[in-house]
Amino acid sequence: AQSVTQLDSQVPVFEEAPVELRCNYSSSVSVYLFWYVQYPNQGLQLLLKYLSGSTLVESINGFEAEFNKSQTSFHLRKPSVHISDTAEYFCAVSDGNTGKLIFGQGTTLQVKP
Amino acid sequence: EPEVTQTPSHQVTQMGQEVILRCVPISNHLYFYWYRQILGQKVEFLVSFYNNEISEKSEIFDDQFSVERPDGSNFTLKIRSTKLEDSAMYFCASSPVPGGTQYFGPGTRLTVL
């Protein structure tokens, strides 16, 4: 069975500081990995994904994540956060067969001025 | 840009009543999903649907739940005899391929009184 662990439930950070949101997964098969973002009172939006190829993936708004197979991790990073990045971030894994997404518990990123 | 839509945005119902949550997936997508998020908890997979039949369902998706694609555009989740613990945000998602990017709707907030 697959599972996802997000090690931090809340991450407070000051504006323009770097941030890392941690995600570890467990699976017996090859996986696809995703980060979704949920802004207050909104639905889930795809931030970035790893399906294959380069282990470093980037989003259009400055986030990046690196797939590390040996450490079974897919941590999300941004070198300089903005107030507008305040949201809930969910890491998710899929086995590519059924398409079912297994989500982590979520990490609340709180960017302070 | 095409998007997944869901109606209603908020549904209030009395315990024991039946509700139908509606979703219109992206038109050329073939794989459909329902997830739920109880307030303060993680997003949980309910069911996946392909080729007019359920391809996978979770333990949560018992006989109280059913899904249907009544026409070429709508994808519905029916909850019979609602319980207080069914109160949650319900998300519909669609994908062109299994294991690929799932595009989520804005969700329906179900409140059972």
Side-chain angles (χ1 to χ4, degrees), chain A residues 1-10 21-25 27 29-53 57-60 65 67 74 87-108, chain B residues 1-10 21 23-26 29-51 53-61 67 88-109:
Chain A
Q2 297 169 320
S3 67
V4 177
T5 302
Q6 292 182 244
L7 298 167
D8 307 295
S9 60
Q10 293 189 1
L21 307 184
R22 296 179 292 172
C23 172
N24 287 89
Y25 69 92
S27 176
V29 298
S30 297
V31 296
Y32 300 150
L33 293 157
F34 305 83
W35 276 98
Y36 281 86
V37 58
Q38 185 179 33
Y39 297 104
N41 301 313
Q42 295 187 28
L44 297 165
Q45 300 175 31
L46 179 69
L47 188 59
L48 46 75
K49 61 186 177 186
Y50 170 79
L51 304 181
S52 64
V57 291
E58 299 177 350
S59 72
I60 57 174
F67 169 57
F74 191 55
E88 187 86 8
Y89 291 80
F90 292 95
C91 181
V93 62
S94 164
D95 66 8
N97 290 322
T98 67
K100 171 180 72 177
L101 285 174
I102 302 298
F103 285 86
Q105 300 91 326
T107 297
T108 302
Chain B
E1 184 177 337
E3 57 184 20
V4 177
T5 60
Q6 291 184 243
T7 54
S9 57
H10 192 188
L21 310 183
C23 169
V24 178
I26 294 174
H29 287 186
L30 301 176
Y31 298 83
F32 313 116
Y33 309 85
W34 282 102
Y35 296 83
R36 80 172 184 189
Q37 183 183 28
I38 295 172
L39 185 64
Q41 298 185 25
K42 66 179 178 180
V43 178
E44 302 173 290
F45 168 78
L46 291 178
V47 66
S48 59
F49 190 87
Y50 168 70
N51 200 24
E53 60 182 28
I54 291 173
S55 44
E56 186 174 1
K57 59 183 181 180
S58 71
E59 293 178 352
I60 304 168
F61 195 89
V67 290
M89 183 73 91
Y90 288 81
F91 292 106
C92 172
S94 70
S95 173
V97 296
T101 302
Q102 290 183 28
Y103 296 86
F104 283 76
T108 293
R109 181 170 298 283

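All values below were derived from every heavy atom in this structure, side-chain atoms included, with hydrogens, water molecules and symmetry-related copies excluded. Below, read A as the first sequence line, B as the second, and so on, with proteins coming before strands; counting in each chain starts at 1.
Under the 3.5 Å distance criterion, with hydrogens and angles disregarded, no donor-acceptor pair is assigned to the side chains of B:Ser95 and B:Gln102. For the residue pair B:Glu44/B:Gln41, the side-chain donor-acceptor check at 3.5 Å is not satisfied.
If you measure heavy-atom distances from A:Leu101 to chain B, the contacts under 4.5 Å come from both the backbone and the side chain. Only the side chain of A:Leu46 comes within contact range of chain B, with at least one heavy atom under 4.5 Å from a heavy atom of that chain. With a 4.5 Å cut-off on non-hydrogen atoms, A:Gln38 touches chain B through its side chain but not through its backbone. Heavy-atom distances place the side chain of B:Phe91, and not its backbone, under 4.5 Å from chain A. Interface residue B:Glu56: only side-chain heavy atoms are found under 4.5 Å from chain A. For B:Tyr50, no part lies under 4.5 angstrom from a heavy atom of chain A.
Aromatic ring centroids of A:Phe90 and A:Tyr36 lie 6.0 Å or more apart. Taking the six-membered ring wherever Trp is involved, the centroid distance between the rings of A:Phe103 and B:Phe45 does not fall below 6.0 Å.
Applying the side-chain hydrogen bond (donor to acceptor under 3.5 Å, both in side chains) rule to B:Thr101 yields the partners A:Lys49; only residues at least two apart in sequence or on another chain are considered. For A:Tyr25, the ring pair (Phe, Tyr, Trp, His ring centres under 6.0 Å) criterion is met by no residue, not counting sequence neighbours.
Of the listed residues (B:Met89, B:Lys42, B:Gln6), the one with the most heavy-atom contacts under 4.5 Å to chain A is B:Lys42.
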